[in-house]
> 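Okay, handing you the structure first.
Computed over heavy atoms, backbone and side chain alike; hydrogens, waters and symmetry mates excluded. Note that the structure is a prediction, hence the values are computed from the model and not measured. Proteins come first, then strands; the chains are lettered A, B, ... in the order of their sequence lines, and each starts at number 1.
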Protein chains: 2
Amino acid sequence: MKKNKKISMKDISKELGISITTISFIINNKAENKISKEVIKKVKDYIEKVGYKPNSSAQSLRTGKSKTIVFMAEDISDPFFSAIAKEMETIAFNNGYKIIYCSTENKKERALELLNLFKDRQVDAFIITPPEGFEDELKNLIYGENQVVMVFDRHFDGFKHNYVVLENYNGAREATKSLYDSGKRNIAFIGIKSVLSPLSNRLEGYRDSIKKYNLKEYSLLILFDNIKTEKGRDDIKFFLEKHPEIDGILFATNNLAISGLRVIKNKGLLIPEDLGIISFDDRDVFELFTPPISVIAQPVQELAEQLIKGTLKLLKTKPFKEDAFYQKALKGKLIIRKSQ
Amino acid sequence: MKKNKKISMKDISKELGISITTISFIINNKAENKISKEVIKKVKDYIEKVGYKPNSSAQSLRTGKSKTIVFMAEDISDPFFSAIAKEMETIAFNNGYKIIYCSTENKKERALELLNLFKDRQVDAFIITPPEGFEDELKNLIYGENQVVMVFDRHFDGFKHNYVVLENYNGAREATKSLYDSGKRNIAFIGIKSVLSPLSNRLEGYRDSIKKYNLKEYSLLILFDNIKTEKGRDDIKFFLEKHPEIDGILFATNNLAISGLRVIKNKGLLIPEDLGIISFDDRDVFELFTPPISVIAQPVQELAEQLIKGTLKLLKTKPFKEDAFYQKALKGKLIIRKSQ
DNA sequence: ACGATCTAGTAAAACGTTTTACCTTAAAGC
DNA sequence: GCTTTAAGGTAAAACGTTTTACTAGATCGT
């Protein structure tokens, strides 16, 4: 029962009296009009029979390709990113790729550390949600080191790169409009202090929308590190107390909304009577909340598909042509529930 | 700016006029009383200077080790598993290991497929939450193929293996007791139809507890595939309608509780007046629910630590001794909130 | 009939390590 | 003064592939 030794091409070669080269050609489908049908069948049958699988380390060493993609997420334990990860997983596996995940925690240093770890590890491509201030590293990775990199969830203006993102600006406009349509006239935006595109675009969308309706802007931007902490909740609390006239809130992320909802609940404010609420990103807590919270849901399935398929496509056409960037912005879906 | 060629040992060897062997020894810390301090320093400095990192494919090919661990979770997008994954990630990286994640969906066929995919890919260890009916495969993997495997979240009785699990039996007893202590006398158990240890042990804990208090058993076991579906919710609904005397429910998993809470909310039942609620596994939805739901929280951090540290330990001591199994059962933490 | 072309296949180098077995020189032991 | 031993180091094989360059024989066109 104990299989001690893995079978290799050499073994097959010896057993069948066929050269290793021939076997390699057959395995890699390069046998077309080189090798006779009979030999191909013989080898394929034998391979099937003994369950031979090529040694991937040897393949990697020889070809320089590892069939590995790194997904550097902001936080892989965040439901949004882990849902994306799971969808990608399957497609990647089906294409012979494996994915390695890691979390940057939105820290530049952490991201750099991880990047260095992987740069030397024969990785074929990076799918990455870069933290703030990572432009130079990213630029170098793409243009200096010539790596395949797909940027996710955010994008930069200074240089061309592949990306898959949400239509954040439009999403924020739609969300603001829906609060307005529910009769809210003092609509606040609670976001994160950051220049990253999803955050800044959402703020922009909110602002333009507010302006259009001639409303006053109320915006609170809290620090990324404080989102889930007491400090962040206090920020929100003080903000609401300072502007008691606020009657609607657009939260820029799900975690922000969760902190916000805790504050609102503690203060005994009524949703939607006192405050209309809408948040970016859907999570089951929003549906189960009393009352259920409206959201701009990200199309997780579609995002994941675009991400991984785009990356695989880039991998196939590498070295890439200047004009062949993969850039997608997908629409969010407004789901109106009872919170406005 | 464009670095075209990776630096290799051969390059260092040429540049420094030192043999590849010596360099290898130094890199692998086998230079102790073989190589002089000066040479060691010279090589280390040079490596530092040019930022050389060994080619991992070549290392894998030569050593047969890939420094890769597969974490085959039930569902990597489940908050519990993704939280575990994230914790493990860091520790693994710090020890020079990378982790590849995948999800079995609790399907035997899917797990088998994944296993076959990885068996031929030079993986050093498996951390796995086996689906039902996977005992034989697991046994073969451990004893037949001599792989390092750590079983997570569940364990089997028929054969010895490494595992890290929760103390499910005691957790269920504690949970039932806390419902009893809140004055509930018709306590139901809503679980999953499965022979996997966490599910069966939780049911057992509930049963023994009920017996101790001389209460009547009310248990509903629904199919894994139905948990998040309409069908599952209907099962719960009918169950509650059939036994209107039920005044407390212990949910065996978080997803079950979420489905249950949707039903309870729809039916307009009051928590905790009509129904006391407690669930296994904590999630932020439980804290934010109205009223907040009591839980038996799993010690995620500790579980992850045990898992990865245990696995690394096994990896170090392989080939393993018969008596050196790594087996841990950790206590859950009862968090009483307003739902009982 | 003879070189050209095609068919079916192979030998051997290369990828970048690790590791075994060996070598040289100098000091130590007696 | 001769043999051992230690210190410091190296050559070369091996891991299992992919790929380039080659070959032997058959077929073909003229």
> With a 4.5 Å cut-off on side-chain heavy atoms, are B/F152 and B/M72 touching?
no
> Respond yes when some side-chain nitrogen or oxygen of A/K6 is under 4.0 Å from OP1 or OP2 of D/dG16, and no when none is.
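For D/dG16, neither OP1 nor OP2 has a side-chain N or O of A/K6 closer than 4.0 Å.
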> Do A/L114 and A/V70 touch side chain to side chain, with heavy atoms closer than 4.5 Å?
no
> Less than 4.5 Å apart, side chain to side chain, heavy atoms only: is that true for A/F71 and A/I76?
yes
> According to a strict under-4.0 Å criterion, is B/Y52 in side-chain N/O contact with OP1 or OP2 of C/dG16?
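Looking at the OP1 and OP2 atoms of C/dG16, neither is under 4.0 Å from any side-chain N or O of B/Y52.
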> Nearest-Å distance, CD1 (B/I27) to P (C/dT17)?
7 Å
> Has B/S60 got a side-chain atom pairing as donor or acceptor with B/K65's backbone, closer than 3.5 angstrom?
yes
> Taking the side chain as C-beta and beyond, is there a heavy-atom pair between B/V164 and B/K309 under 4.5 Å?
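Result no, sub-4.5 Å side-chain heavy-atom pair not found.
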> What is the separation between atom NZ on A/K67 and atom P on D/dT18, rounded to the nearest whole Å?
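Checked: the NZ to P distance equals 11 Å.
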> Between C1' on D/dG16 and CG on B/N55, what's the gap in Å once rounded to a whole number?
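It is 14 Å, rounded to the nearest whole Å.
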> May I have the distance from B/L16 (atom CG) to D/dT10 (atom P), rounded to whole angstrom?
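Taking CG of B/L16 and P of D/dT10, I get 11 Å after rounding.
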> Base contacts versus sugar-phosphate-only contacts with protein, heavy atoms under 4.0 Å: please encode nucleotides 4-10 of chain C as B, S and - from 5' to 3'.
----BBB
> State whether A/E38 and A/K41 are salt-bridged, where the test is any N-O pair (Lys NZ or Arg NE/NH1/NH2 against Asp/Glu carboxylate O) under 4.0 Å.
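Here A/E38 does not pair with A/K41 in a salt bridge, since their nearest N and O are not under 4.0 Å apart.
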> Counting distance only, does the side-chain N/O of B/Y46 pair as donor-acceptor with the main-chain N or O of B/L16 below 3.5 Å?
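Not a single qualifying donor-acceptor pair exists.
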> Starting at atom CD1 of B/I47, determine the distance to atom C1' of C/dT17, rounded to an integer number of angstrom.
13 Å
> Is the shortest heavy-atom distance from the side chain of A/I308 to the side chain of A/Y97 under 4.5 Å?
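Not in contact.
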> Report yes if a donor N or O on one partner sits less than 3.5 Å from an acceptor N or O on the other, where the partners are the side chain of A/R62 and the base of D/dT18; otherwise report no.
yes
> Please work out if B/T63 contacts a base, only the sugar-phosphate, or nothing of the nucleic acid, heavy-atom cut-off 4.0 Å.
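Here B/T63 touches the backbone only, sparing every base.
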> Looking at five pairs on each end of the helix from C/dA1-D/dT30 to C/dC30-D/dG1, what is the angle between the two axes, given to 10 degrees?
50°
> Can you confirm whether more than 12 heavy atoms, excluding those of A/K107, are under 6.0 Å from its NZ atom?
yes
> Figure out the NZ/P separation between A/K10 and C/dA12, and round it to whole Å.
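So the NZ-P distance, A/K10 to C/dA12, works out to 14 Å.
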> If you compare every side-chain N and O of B/Q59 against the phosphate oxygens of C/dG16 (OP1, OP2), does one of them come in below 4.0 Å?
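Indeed not, no polar side-chain atom of B/Q59 lies that close.
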> Does B/N28 have a side-chain nitrogen or oxygen under 4.0 Å from the phosphate oxygens OP1 or OP2 of C/dT18?
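Affirmative; the distance criterion is met.
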> At their closest point, which heavy atom of A/S103 faces which heavy atom of B/K86, and how far apart are they?
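It is OG-CG, 3.9 Å.
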> Are A/S24 and D/dT18 close enough that a side-chain N or O sits under 4.0 Å from OP1 or OP2?
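Yes, because at least one side-chain N or O of A/S24 sits under 4.0 Å from OP1 or OP2 of D/dT18.
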> Atom NZ of B/K30 to atom P of C/dT19: distance rounded to whole Å?
4 Å
> From CE of A/M9 over to P of D/dA14, roughly how many Å is that when rounded to an integer?
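These atoms are roughly 19 Å apart.
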